[in-house]
Amino acid sequence: MNQEDHFKQVISHAKEYGFVFPSSEIYDGLSAVYDYGQLGVELKNNIKKYWWKSMVQMHENIVGLDSAIFMHPTTWKASGHVDAFSDPLIDNKDSKKRYRADVLVEDHIAKIQGKIDKEIKKAAKRFGNSFDASMYRETNPRVKGYVERIEAVETRMKQCLDDGNLEEFKQLIVDEEISDPVSGTRNWTDVRQFNLMFSTEMGSVAEGANTIYLRPETAQGIFVNFLNVQKTGRMKIPFGIAQIGKAFRNEIVARQFIFRMREFEQMEMQFFVKPGTEKEWYEHWKTERIAWHTSLGIPESEYRFHDHLKLAHYANAACDIEFNFPFGFKELEGIHSRTDFDLKQHEEHSGKKLQYFDPEINENYVPYVVETSIGLDRTFLAILSYSIQNEKLEDGSERVVMRIPAVLAPYKVAVFPLVKKDGLPERSREILNSLKGEFMCQYDEKDAIGRRYRRQDAIGTPLAVTVDHQTLEDGTVTIRERDSMKQYRVPSTELSKQIREAVY
Ligand code: GAP
């Protein structure tokens, strides 16, 4: 199955089994807004728990926070979001489609990269074992030309973004002869900046309503609470504050399912450090975070680091952890060395000191910050798209199985009576009741046992327990594993221990 078909399967599977629904679907949905169904909410909660446990529970020097979505409007002036949180957009006059100008250029670069890959593949076939791809890249005139062209386009785009030169940005699109993928024409408007924050009004108009924003990141709630948490928690630097919560962005191009949404959730951690040590901590958190991803059992080859070409206004180093989504490697998490930018800005705009007294050096300073910021919905999509697999079995039949990491699976165990009579349903329910205080369990007695196994495979339940006539005689049950499809008998009294070992 190709990548595009796989992505279609992911979206339809997510809907069919109650993971993700388009928001307000009966009214034809709302663009780039989604609801999580009965299985989706379990998977999402499990991702949150897994992140919270590793970031907060496992670190003595990291504590949590749950700050409000609405914040004083000056927050966003101080953070730079009112003036600088915008994307360059461009419209095609024929298709009337709107694009992010930088995404158009990045897609154009990807096309040139595709040509390089094609040339190298062709040459590898021609030269066989003796082929040296990196040498070919450096010496083949056509490939060299493509590489130089990519470098030139990247440099020019970076310059445009750094200078905020939108005329030059348009000229780059014209010079590169980039056409609209829908209309095929090059009939473009000028490039304009578009602020991504949603605004609303607080208070009635009679009272004099204030424009406030729906937060575009959770991080600012952490910054403005830095001293509250540091003082009440008696935190010593280095320490972190973690938060999970909703964020809102009026994305210009909202596509690719739950990858780019207008309402989404972030899991962020701001780590406050002594100035001058931030680069060390930046490296530390890069290592920690990639280890977190791979601890889920998804191969390391599905992830890669990507250093930022253009640093955000607040950063002195930044990278993304990208995941191999069905539409290619894209950002899943950002790791940013944010300097003392945010705390200093809030000091300036609030007139309040946001400093730390360091007893080791007897000095006050504004701490530097290293941030890890991961999208919950993107993590969900990464898990979903990696875990849905179509498997051909030895007997020639096929199954769709979701190899969701067991710790994240919505249901940990399903309990089935082999048949719907002879007291087996009653015994099964007794077993289910003994397990459900500890694990999310599902009971199913409909259809043949094989079909019930398939239903659980399709929603990622790692274990199924079958109660049969032997259970009534000797108290043993059959455990069937989702991934290996192996079956073995265990005493029902040992079920809780066995399941715990398999799923946590
Ligand atoms: N506080 C830093 C910050 O917000 P970001 O790189 O803009 O940094 C962090 O966002 C993460 O939030 C991204 O890596 C991505 O996973 C997620 N994210 C950002 N915009 C999103 C959107 N429109 N839909 C879904 N997830 C998004």
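Every number for a ligand or one of its atoms is a count from 1 in the order of the listing. The first residue in the sequence is number 1, and the count goes up from there.
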Self-check item: The single option from Asp94, Asp180, Asp91 passing side-chain contact (heavy atoms from CB on, under 4.5 Å) against Trp188
Solution: Asp180
Exercise. Please determine which of Lys48, Arg378, Lys246 meets the side chain to side chain donor-acceptor pair (under 3.5 Å) test together with Glu265.
Key: Lys48
Exercise. Please lay out, stage by stage, how Trp281 and Tyr368 fare under the test ring-ring contact (aromatic ring centres under 6.0 Å, His included).
Key: CA-CA 10 Å; Trp281 284 110; Tyr368 270 45; over 10 Å; no
Quiz item: Can we say Glu217 and Arg338 salt-bridge, meaning some charged N sits less than 4.0 Å from an Asp/Glu carboxylate O?
Solution: yes
Exercise. Check each protein residue for a heavy atom under 4.0 Å from ligand 1 and list those that pass, ordered by chain and number.
Key: Glu217, Ala219, Arg249, Glu251, Phe259, Arg260, Met261, Phe264, Gln266, Glu268, Glu331, Leu332, Glu333, Gly334, His336, Arg338, Glu371, Ser373, Gly375, Arg378
Quiz item: Just by distance, with hydrogens left out, do Gln113 and Asp117 show a side-chain donor and acceptor under 3.5 Å apart?
Solution: yes
Practice problem: Please say which of His346, His72, Arg215 ends up in a side-chain contact (heavy atoms from CB on, under 4.5 Å) with Gln220. | Solution: His346
